[in-house]
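These numbers come from a predicted model, not from an experiment.
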Amino acid sequence: MRRNALVKLAEQPLLFIDCQTTGATPQSAQILELGWLLPEVGAGQLDQSQLLIKSRLIRLPADQALPNRIQKITGITDELMQAASSAADVLSELLRDLSAGQKPVKFAVAHYAQFEQAFVRQLFVDHLPEQNLPFTFICTCQIAKRLYPDLPSRAIRALGGYFGLSLMEMKRSSCHVEATYFIWQRLLADLGAIGIYEDEQLLEWLSQPLPKVSAKDKKNPYAIPMERLKRLDLPAKPGIYRMLNSDGNILYVGKATSLKSRVNSYFRGRKGKDSKTKELISQIFDIAVDVVDTPLEAALLETDLIKQHDPPYNRALRHRGRLLNFYSHDFV
């Protein structure tokens with residue numbers, strides 16, 4: 001390719017986009033919400049107040065109801081859906097925004113872009129079958145997998161938290177678009193550090209297979225933002241621990257018979273950890289502890305702190321979603 005066909009990534013007009021849906025594939029699910037951002041080229045990194053993010057709810061087909069589990073996952077309720085627009089109108093608005101810029105938008109940036117691409121492509125098939133997607137998708141997750149192989153998780157909340165964003169709740173499209181934009185700014189800097197500055201360089205790099213993790217690397221500890229000595233210096237006594245993000249907000253509260261042993265168990269090895277645990281430890285910048293006399297006292301204090309702070313990763317004891325039911329002896 002000729003040199004003048006290359007465009008620097010920082011100078012490329014981009015669409016940041018996210019979908020909230022009723023399921024995993026467009027063959028069996030519908031788009032509930034579409035969010036997007038078209039930042040001005042050359043404006044530098046914008047702060048939160050400068051981001052003009054659009055978010056539109058999309059009306060479901062008349063014969064489909066909004067599943068309860070999707071309402072819990074997305075925070076989109078039947079009441080909110082009363083103000084939803086038709087899919088055709090939302091697509092028309094997106095295309096008007098794309099055409100308003102001085103330069104055509106060649107790339108859309110999304111986290112887990114394969115997911116967004118499938119639903120956005122189906123949106124075009126359903127409402128503009130004569131028009132192909134006018135942009136190519138770039139996946140921030142795939143970039144992160146190559147740049148940060150030792151990070152426990154490259155989920156959007158994990159990656160954003162690792163970069164210092166405070167992402168306590170991420171249900172709606174606007175939150176995901178905002179996080180993707182800030183993640184992209186950090187990725188640009190780290191891509192430049194390995195000599196990738198232009199669009200075709202990035203596409204070529206992403207087309208290569210992911211590097212394999214060696215057996216030796218699998219035994220190495222994960223890369224996390226918290227200093228290692230903070231957890232190694234914890235006392236071997238009963239207590240409760242609070243895992244904190246970059247802003248000092250509580251991500252998780254736990255109890256321990258031995259604070260030193262329990263906290264360090266999160267960070268030893270790579271096997272046996274579920275996706276939520278990996279997402280959590282990717283965001284931990286600090287640990288705060290309270291030493292108590294007995295494990296029972298720790299258990300009681302843990303419950304009180306979870307009720308008080310409602311941390312996002314204490315799913316079992318959080319206020320939201322808990323119901324109190326009464327039954328007679330005959331269960332009627």
Decide whether Thr140 and His111 meet the rule of one side-chain donor and one side-chain acceptor closer than 3.5 Å.
yes

In terms of ring plane angle, is the pair Phe119 and Phe115 parallel, tilted or perpendicular, where the classes change at 30° and 60°?
tilted

Between Asp150 and Arg270 (salt bridge meaning N to carboxylate O under 4.0 Å), is one present in this structure?
yes

Are Tyr181 and Val177 side-chain neighbours, meaning at least one heavy-atom pair lies under 4.5 Å?
no

Got Asp89 and Glu93 here, is their nearest side-chain heavy-atom distance under 4.5 Å?
no

Do Leu187 and Asp190 have side chains that get closer than 4.5 Å, going by heavy atoms?
no

Do we see a donor-acceptor contact under 3.5 Å between the side chains of Gln283 and Glu279?
no

Provide the closest heavy-atom pair for Gln71 versus Ile76 in the form atom of the first, atom of the second, distance.
CG-O, 3.2 Å

Any link between Leu52 and Trp36 through a network of hydrophobic side chains (Ile, Leu, Val, Met, Phe, Trp, Tyr) touching at under 4.5 Å?
no

What's the spacing between Leu9 CG and Leu191 CG if we round to 0.5 Å?
7.0 Å

Checking the side chain of Arg186 only, and the main-chain atoms of Phe182 only, is there a donor and an acceptor separated by less than 3.5 Å?
no

Ile284 side chain near Tyr266 side chain, heavy-atom distance below 4.5 Å
no

Heavy-atom side-chain contact between Glu33 and Ser55 under 4.5 Å:
yes

Minimum-distance pair of heavy atoms, taken over all atoms of Tyr222 and Leu151:
CD2-C, 4.0 Å

Could you tell me whether a side-chain N or O of Thr22 sits under 3.5 Å from a main-chain N or O of Gln30, the two making a donor and an acceptor?
yes

When rounded to the nearest 0.5 angstrom, what is the spacing between CG in Leu51 and CZ in Phe16?
9.5 Å

So, for Leu206 and Ile143, which heavy atoms are closest and what is the spacing to 0.1 Å?
CD2-CG1, 3.8 Å

Under a 4.5 Å side-chain heavy-atom rule over Ile, Leu, Val, Met, Phe, Trp and Tyr, are Leu202 and Tyr112 clustered together?
no

How is the hydrophobic cluster of Leu229 composed, in terms of its other members, when Ile, Leu, Val, Met, Phe, Trp and Tyr link through side-chain heavy atoms under 4.5 Å apart, directly or indirectly?
Leu232

Do the side chains of Ile138 and Tyr197 join up, straight or via other hydrophobic residues, at under 4.5 Å, putting them in one cluster?
no

Can you get from Leu123 to Leu60 by hopping between Ile, Leu, Val, Met, Phe, Trp and Tyr side chains that sit under 4.5 Å apart?
no

Any non-hydrogen side-chain atom of Gln12 less than 4.5 Å from a side-chain atom of Val41?
no

Donor-acceptor check, side chain of Arg56 to backbone of Leu94, threshold 3.5 angstrom: yes or no?
no

Working to the nearest 0.5 angstrom, can you tell me the gap between Leu133 CG and Gln117 CD?
6.5 Å

Taking atom types as modelled and ignoring hydrogens, do the side chains of Gln82 and Asp78 form a donor-acceptor contact shorter than 3.5 angstrom?
no

Checking side-chain polar atoms at under 3.5 Å, does Arg262 have a donor or acceptor matched by the opposite partner on Ser265?
yes

Check: Pro311 and Ile306 side chains under 4.5 Å, non-hydrogen atoms:
yes

Test of understanding: with side-chain contact (heavy atoms from CB on, under 4.5 Å), list the residues that count as partners of Ser258, not counting sequence neighbours.
Ala236, Lys260, Ser261

Closer than 4.0 angstrom, basic N to acidic O: yes or no for Arg172 and Asp18?
no

Any side-chain heavy-atom pair of Phe137 and Ile17 under 4.5 Å:
yes

The reported gap from NZ in Lys106 to CG in Asp199 (rounded to nearest 0.5 angstrom) is 4.5 Å

Value rounded to 0.5 Å, distance of CG in Leu165 from CD in Glu178
8.0 Å

Hey, does the side chain of Asn264 reach the backbone of Arg231 with a donor-acceptor pair shorter than 3.5 angstrom?
yes

Calculate, to the nearest 0.5 Å, the distance between atoms CD1 and NE2 belonging to Ile250 and His309 respectively.
4.0 Å

